[in-house]
Amino acid sequence: GIDYIEIGYLKFGRESNPLLNYSPDYIAKCHEICEGKVKIGAMIHPDDFSPDQYDQDTVKQLSLIRVTSTPGNMHKIRDISGYFKPRGIKVSMNILRASKFSDEQSLEYCGRAKEFGADFFYIADSNGHFLPHQVRSRIATLKENFPEMIIGFHPHDNLGLATVNAMEAVQGGADIVDSSLMGYGKGAGNLRTELFPLV
């Protein structure tokens with residue numbers, strides 16, 4: 001019942017781990033394993049966008065590109081969207097450390113995401129600082145003002161609130177919520193994939 005599985009980063013570097021690098025063989029293997037039953041996506045940092053180096057057949061096996069965004073680099077979404085969307089791949093602008101920003105700033109950033117061609121706008125609680133009522137309010141405000149955008153929530157568990165916050169995001173109207181296997185992730189971890197469906 002999971003819609004997307006994120007398989008790592010699209011980055012050209014010296015890392016041997018395919019999760020952290022662009023690896024056509026790894027992407028092809030993930031696509032084969034999913035058998036078309038689950039869509040696969042990848043993350044990209046705007047500075048790592050390298051359109052001249054991507055293999056077209058490899059890229060077309062992806063369904064979603066999620067871009068780690070800050071106010072300083074979000075303008076780069078335009079070029080990323082311009083490359084991936086004509087190839088049938090959706091693009092998400094994930095605003096990092098979203099708890100640092102006000103509702104008004106979040107609305108501004110969502111507006112930019114729409115202007116730059118993004119299909120998704122994500123509130124990424126990178127620091128795990130959101131309280132439940134703040135999550136519901138933020139998501140509801142975004143949905144009210146941008147009903148045509150897919151609004152996502154990416155929780156971290158620093159305050160032990162990832163599960164509660166994810167529920168509040170759904171109640172506020174979030175279209176998609178992230179989780180990870182066993183909650184594995186930065187800091188105190190993320191929402192647990194195994195737990196959330198049960199809740």
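The first residue in the sequence is number 1, and the count goes up from there.
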If the plane angle is over 60° it's perpendicular, under 30° parallel, otherwise tilted; pick one for His154 and His156.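 Answer is tilted, since the angle falls between 30° and 60°.
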So Tyr54 and Tyr83, would you call those rings parallel, tilted or perpendicular, with 30° and 60° as cut-offs? tilted
Side chains of Val59 and Arg87: closer than 4.5 Å at any heavy-atom pair?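 Contact flag for Val59/Arg87 side chains = yes.
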Minimum side-chain heavy-atom gap Ile176-Ile150 below 4.5 Å: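 Ile176 reaches Ile150 side chain to side chain.
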Return the minimal non-hydrogen interatomic distance between Ala42 and Glu6, and the atom names on each side. CA-CG, 4.3 Å
Is a donor on one side and an acceptor on the other found under 3.5 Å between the side chain of [X] and the backbone of [Y]?
| X | Y | result |
| --- | --- | --- |
| Lys11 | Ile44 | no |
| Tyr184 | Ser180 | no |
| Glu194 | Met182 | yes |
| Asp178 | Leu191 | no |
| Thr58 | Gln56 | no |
| Asn21 | Gly13 | yes |
| Asp175 | Ile151 | yes |
| Asn158 | Asn127 | yes |
| Gln105 | Ser102 | yes |
| Ser137 | His133 | no |

Atom [atom1] in [X], atom [atom2] in [Y]: separation rounded to 0.5 Å?
| X | Y | atom1 | atom2 | result |
| --- | --- | --- | --- | --- |
| Ile7 | Leu64 | CD1 | CG | 11.0 Å |
| Gln134 | Ser99 | CD | OG | 8.0 Å |
| Asn165 | Leu131 | CG | CG | 7.5 Å |

Kindly state whether the ring of Phe121 and the ring of Tyr109 have centres lying under 6.0 angstrom apart.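 For Phe121 and Tyr109, the ring centres are not under 6.0 Å apart.
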Can you tell whether the side chains of [X] and [Y] come within less than 4.0 Å, N to carboxylate O?
| X | Y | value |
| --- | --- | --- |
| Asp3 | Lys39 | no |
| Asp125 | Arg97 | no |
| Lys76 | Asp48 | no |

Under the rule for side-chain hydrogen bond (donor to acceptor under 3.5 Å, both in side chains), what residues qualify as partners of Asn17, not counting sequence neighbours? none
Can you tell me if Ser92 and Asn94 form a side-chain donor-acceptor pair at under 3.5 Å?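 Checked: Ser92/Asn94 side chains pair up, N/O donor to acceptor below 3.5 Å.
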Could you tell me whether Arg138 sits above the aromatic face of Phe130, with NZ or CZ closer than 6.0 angstrom to the six-membered ring centre and within 45 degrees of the axis? no
Before you tell me yes or no, could you show the steps for Ser179 and Arg192 under side chain to side chain donor-acceptor pair (under 3.5 Å), namely the whole-Å CA-CA distance, both residues' side-chain angles and the distance that decides it to 0.1 Å? CA-CA 5 Å; Ser179 63; Arg192 288 176 55 186; over 6 Å; no
Given ring pair (Phe, Tyr, Trp, His ring centres under 6.0 Å), test Tyr9 with Tyr22 step by step and report yes or no. CA-CA 7 Å; Tyr9 279 83; Tyr22 170 76; over 10 Å; no
Other residues, nucleotides and ligands only: do more than 12 of their heavy atoms fall within 6.0 Å of NZ on Lys114?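 Not more than 12 within 6.0 Å, no.
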